[in-house]
Amino acid sequence: MEVRTRFAPSPTGFMHIGNLRTALYAYLYARANGGKFIIRIEDTDQGRYVDGAVDVIFNTLKQAGIDYDEGPGKEVGGYSYVQSERKAIYKKYAEELIRRGGAYYCFCKGRDMTDGGTVKYDKRCLRLSKEEVAERLARGDSYVVRQNIPDTDGVSSYTDLVYGEISVAYKDMEDAVLLKSDGMPTYNFANVVDDHLMGITHVIRGNEYLSSTPKYNLIYDAFGWERPQYIHLPPIMKDKERKLSKRYGDANFDDFVKKGYLPKAIVNYIALLGWSPKNNEEMMSMDDLIRLFNVEGVNISPAIFDEAKLRWLNGSYIKNMTVPEFVEAARPFLDASKVGGKYDYSLLAPLLIPRVEVLSEIPDLVNFLEEFGDYDTSIFTHQKMKTDGAVALTALNAALPAIRATDGWDMTVLHDTLVATAENVGLKKGQMLWSFRIAITGRASTPGGATEMAELLGKEECIKRMEHSIALLTR
RNA sequence: GGCCCCUUGGUCAAGCGGUUAAGACAUCGCCCUUUCACGGCGGUUACAUGGGUUCGAAUCCCGUAGGGGUCACCA
C-alpha cells in the first residue's frame with residue numbers, strides 16, 4: 001500500500017521551527033517510502049485566522065526544499081484541501097457518526113453543562129429522547145455534536161511507531177465536541193475525517209496528541225474505518241522546561257534566514273533534532289535525508305535547540321560554497337555593509353568564506369575597508385610578535401617610502417617589499433607585517449593577512465592610512 | 001490534581017543484557033600561521049535516584065525524584 005503522509009498546519013501566524021520539523025519528517029517519511037506528501041490547511045477556527053499566513057507556510061516549505069504532491073493548488077483528489085471549504089463534508093459525517101452511535105447532539109451551553117464540581121461532561125444530552133432531539137433541532141436550537149465515549153471500563157490502545165504502546169482508559173476521556181455550534185468541526189473530528197478521506201496512512205505530528213489519539217481511534221472504529229499508523233514527535237525545546245514556540249519570538253524560520261542562516265543548513269540542523277541516521281552522519285542534503293530517513297532513528301525525548309551547533313553547521317555549508325555561490329548568498333549582507341557596491345565581491349569572498357559562520361557577521365568583517373580613523377594604538381603591542389608602538393613606528397617609517405616606491409601592487413610584490421624593508425631596519429618579518437597590517441586597518445584582527453588587506457585597499461589608500469597611523473603613533 | 005509521556009557529558013546523540021559508554025557542537029590545551037579564522041592533534045565532561053531480575057544491567061521490572069504534555073465549541 002502506498003504511504004501517504006500529510007502536513008496539516010493551521011494558518012495562525014508564522015512558521016516556526018517545530019512546525020517545520022514536523023513537516024520535514026512527514027515529507028521525508030513519504031519520500032523515503034516512495035509515497036505521497038499532502039498538505040492540508042486547518043483553518044476551522046475562524047477567530048484565529050491570520051491574513052497571509054497560508055502564504056508564509058508555502059513560502060517556507062518552498063525555501064526549505066519541501067515539495068508536495070497534493071494540497072491547495074494541487075487538488076489531485078478532486079476536493080478542497082482547506083478545511084473551511086469542507087464544512088458540508090464534516091456535517092454529513094457527523095450525522096453518520098450519530099446514526100452509528102459514536103456521537104450525539106448536545107444542546108448544552110458553555111460551562112453550565114458540567115456536572116457540579118467535575119469538569120468532565122456528564123453526557124446528559126445523550127439521554128435525550130429521539131423525539132426531543134428532533135424537536136429541538138426543528139426548533140433551530142443551537143447545538144454541537146459530541147463524541148460518545150463508551151461508558152464502560154475499557155481502554156483504548158494503539159502502538160505508536162516511536163513511542164510504542166499507548167493506552168488510555170475510557171473513563172479518562174471526555175465526550176469532546178466534534179462539531180461546533182457554528183457548524184465547523186473541531187480538530188478532533190476534522191482530522192479523523194480528512195485523514196481517512198485523503199487516505200493518510202501515517203499520521204506524523206507533535207506528541208501533544210499522544211494521549212488524545214485513543215479518542216480519535218474510537219472515531220475511526222465507530223465509522224468502521226481502518227486506523228492509520230502514528231508517528232508522534234517529541235517537542236523541540238528552548239531550554240530544559242520551555243518548549244520552543246513562536247511566543248518566544250526567536251523560533252521562526254524567516255528570522256533565521258534573515259539572520260544569515262542558509263535554508264539548507266536550517267533544514268539539515270532541524271532534521272537532526274529528534275532524529276539521527278544509522279551512520280551518524282551530520283551534514284546531509286535533502287537527498288541524503290530522504291535516503292537515510294527511518295522511524296527507528298526518531299528520538300523519544302525532547303531536544304533542546306542549540307544555536308551554536310546550527311552556527312557550526314551553517315559555517316560548514318558556507319565553507320563548501322564556491323565563490324559565485326557565496327557572493328550570491330552574501331550579496332544582501334555585503335550590500336548593506338559599508339563596502340556595499342564599492343568592492344568586487346568575488347575578491348572579498350575567498351577571505352570571508354572560511355571566516356563566516358552566519359552571513360550577518362559580514363558587515364563587521366568588511367566595514368573597516370571603508371571605515372578608517374583614529375584607533376587605540378595599544379593594539380600594536382603584541383607579545384608573541386614582539387611588537388609595540390615603538391617597533392611599529394620604526395617599521396612604518398621604513399615601510400612608507402618602500403611602499404611608495406613599489407612597482408606593481410600584488411601580494412607577492414608587497415610581501416617581498418615588506419620583508420626586505422624589515423631586514424634593512426633589523427626587524428623580524430612578523431614585526432613588520434603585524435605593524436603594517438594594523439596601520440592600514442586600524443584593527444587587531446582582520447579577515448586576512450597584511451598583504452591581502454593591502455592588495456584589497458590599493459596603494460593610495462594604504463599610503464594615506466600609513467601616514468595617519470604614523471601620526472597617531474607620534475602624537 | 002487525574003491521565004499519558006520523558007530522563008546517557010553544557011547541548012545534539014550512538015547504545016537495544018557482556019563496549020576502555022561512540023561521534024558531533026561547545027569548551028580547554030598544543031601544532032600550523034604575517035592577525036583572526038580554516039585545518040590538524042589531544043584533554044575535561046554523562047548513564048537522575050533507590051530497589052529488584054540476572055553470572056552480568058545505561059540497556060528488563062517496580063518505586064522515587066525531576067521535567068514535559070493533556071484534561072477548550074484551539075489546533
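Throughout, a chain's letter reflects where its sequence line sits, starting with A, and its residues are numbered from 1.
- Checked by atom type, the side-chain pair Q147(A)/N188(A) shows no donor-acceptor distance below 3.5 Å.
- With C1' as the reference atom, rG66(B) and rA57(B) are 23 Å apart, rounded to whole Å.
- Partner assigned to rG18(B) is rC55(B), using Watson-Crick or G-U wobble distances below 3.5 angstrom.
- For Y158(A) and Y230(A), the ring centers sit closer than 6.0 Å to each other.
- With hydrogens and angles ignored, no donor-acceptor pair closer than 3.5 Å exists between the side chain of T441(A) and the base of rU35(B).
- Under 3.5 Å, the side chain of K384(A) and the base of rU33(B) form at least one donor-acceptor pair of N or O atoms.
- Looking at every heavy atom in both residues, E461(A) comes nearest to L457(A) through CB-O, 3.4 Å.
- Nucleic acid contact class of G206(A) (heavy atoms, under 4.0 Å, all strands): none.
- Annotation: K428(A), atom NZ; neighbour count of heavy atoms from other residues, nucleotides and ligands within 6.0 Å does not exceed 12.
- Nearest to the side chain of E208(A), among rU70(B), rC71(B), rC73(B), sits rU70(B).
- Rounded to an integer number of Å, the gap from D45(A) CG to rC74(B) P is 6 Å.
- Comparing the P positions of rU27(B) and rU8(B) gives a spacing of 23 Å, expressed to the nearest Å.
- Classification of rC38(B) as syn follows from a glycosidic angle within 90° of 0.
- K215(A) comes within contact range of no nucleotide atom at all, as no heavy-atom separation falls under 4.0 Å.
- Rounded to whole Å, the distance from CZ on R242(A) to P on rG66(B) is 20 Å.
- Nucleic acid contact class of K278(A) (heavy atoms, under 4.0 Å, all strands): none.
- Across all strands shown, the partner of rU70(B) is rG2(B), judged by Watson-Crick or G-U wobble contacts whose two distances both fall under 3.5 Å.
- Using atom P as the reference point in both rU53(B) and rC12(B), the two lie 34 Å apart (nearest Å).
- Judged purely by distance below 3.5 Å, without hydrogens or angles, the side chains of Y170(A) and D151(A) never pair a donor atom with an acceptor atom.
- Nucleic acid contact class of S276(A) (heavy atoms, under 4.0 Å, all strands): sugar-phosphate only.
- Base pairing of rC38(B) is not made with any nucleotide, judged by Watson-Crick or G-U wobble geometry with both donor-acceptor distances under 3.5 Å.
- Regarding R146(A), its CZ atom lies at a distance of 10 Å from the P atom of rA72(B), rounded to whole Å.
- OP1 or OP2 of rA75(B) lies within a sub-4.0 Å distance of a side-chain N or O belonging to T44(A).
- Atom-to-atom, CG of L313(A) to C1' of rC25(B) comes out at 10 Å; the value is rounded to the nearest Å.
- In this structure, the ring of F293(A) has its center less than 6.0 angstrom from the ring center of Y25(A).
- Using P as the reference atom, rA21(B) and rG40(B) are 27 Å apart when rounded to the nearest Å.
- A close approach under 4.0 Å does occur between a side-chain nitrogen or oxygen of K180(A) and OP1 or OP2 of rC74(B).
- Summarising the base pairing, rA13(B) is matched to no nucleotide, lacking a Watson-Crick or G-U wobble pair whose two defining distances lie under 3.5 Å.
- Distance from the side chain of K429(A) is smallest for rU34(B) among the nucleotides rG68(B), rA75(B), rU34(B).
- At the heavy-atom level, A450(A) lies under 4.0 Å from base atoms of the strands shown.
- Nucleotides rG63(B) and rA26(B), compared at atom C1', are 37 Å apart to the nearest Å.
- Side-chain atoms of W312(A) lie closest to rC25(B) of the nucleotides rC25(B), rC38(B), rA75(B).
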* To do: Verify side-chain hydrogen bond (donor to acceptor under 3.5 Å, both in side chains) between D160(A) and H232(A), making sure each step is shown before the conclusion.
  => CA-CA 7 Å; D160(A) 184 271; H232(A) 284 102; 2.6 Å; yes

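- Picking from rC71(B), rA75(B), rG23(B) the nucleotide with the shortest atom distance to the side chain of Y216(A) gives rA75(B).
- rA14(B) and rA48(B): their P atoms are spaced 15 Å apart (whole Å).
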Please enumerate all protein N or O atoms sitting under 3.5 Å from an N or O of nucleotides 1-11 of chain B, with distances to 0.1 Å.
residue, atom, partner, partner atom, Å
rU11(B), OP1, K240(A), NZ, 2.7

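- Residue order along RNA chain B, read from the 5' end via each residue's closest nucleotide, puts R437(A) first among A8(A) and R437(A).
- When rounded to the nearest whole Å, the span between NE2 of H415(A) and C1' of rU34(B) equals 7 Å.
- No hydrogens or angles considered: nothing links the side chains of T44(A) and Y90(A) as a donor-acceptor pair under 3.5 Å.
- As rounded to the nearest Å, rC5(B) and rU64(B) have P atoms that lie 15 Å from one another.
- rG51(B) and rU59(B) are spaced 14 Å apart, taking the P atom of each and rounding to whole Å.
- Contact of T446(A) with rC36(B) (side chain to base): no donor-acceptor pair of N or O atoms is detected under 3.5 Å.
- Following rounding to the nearest Å, Y90(A) (OH) and rC73(B) (C1') show an atom-to-atom distance of 16 Å.
- Among the nucleotides rA75(B), rC73(B), rA22(B), the one closest to any side-chain atom of V144(A) is rC73(B).
- The six-membered or imidazole ring of Y216(A) lies away from that of F189(A), with a centre-to-centre distance of 6.0 Å or more.
- Close placement of the F305(A) and F256(A) rings is indicated, their centers lying within 6.0 Å of each other.
- Across all strands shown, rA46(B) remains unpaired; no Watson-Crick or G-U wobble contact has both distances below 3.5 Å.
- With a 3.5 Å ceiling on both atom-pair distances, the Watson-Crick or G-U wobble partner of rA65(B) is rU7(B).
- With RNA chain B read from its 5' end, the first of the two nearest nucleotides for T451(A) and G274(A) is the one closest to G274(A).
- Rounded to whole angstrom, the span from the CG atom of D364(A) across to the P atom of rU35(B) amounts to 21 Å.
- Computed from coordinates, the E282(A) CD to rC25(B) C1' distance equals 8 Å when rounded to whole Å.
- Of all heavy-atom pairs between Y104(A) and K123(A), the closest is OH-CA, 3.6 Å.
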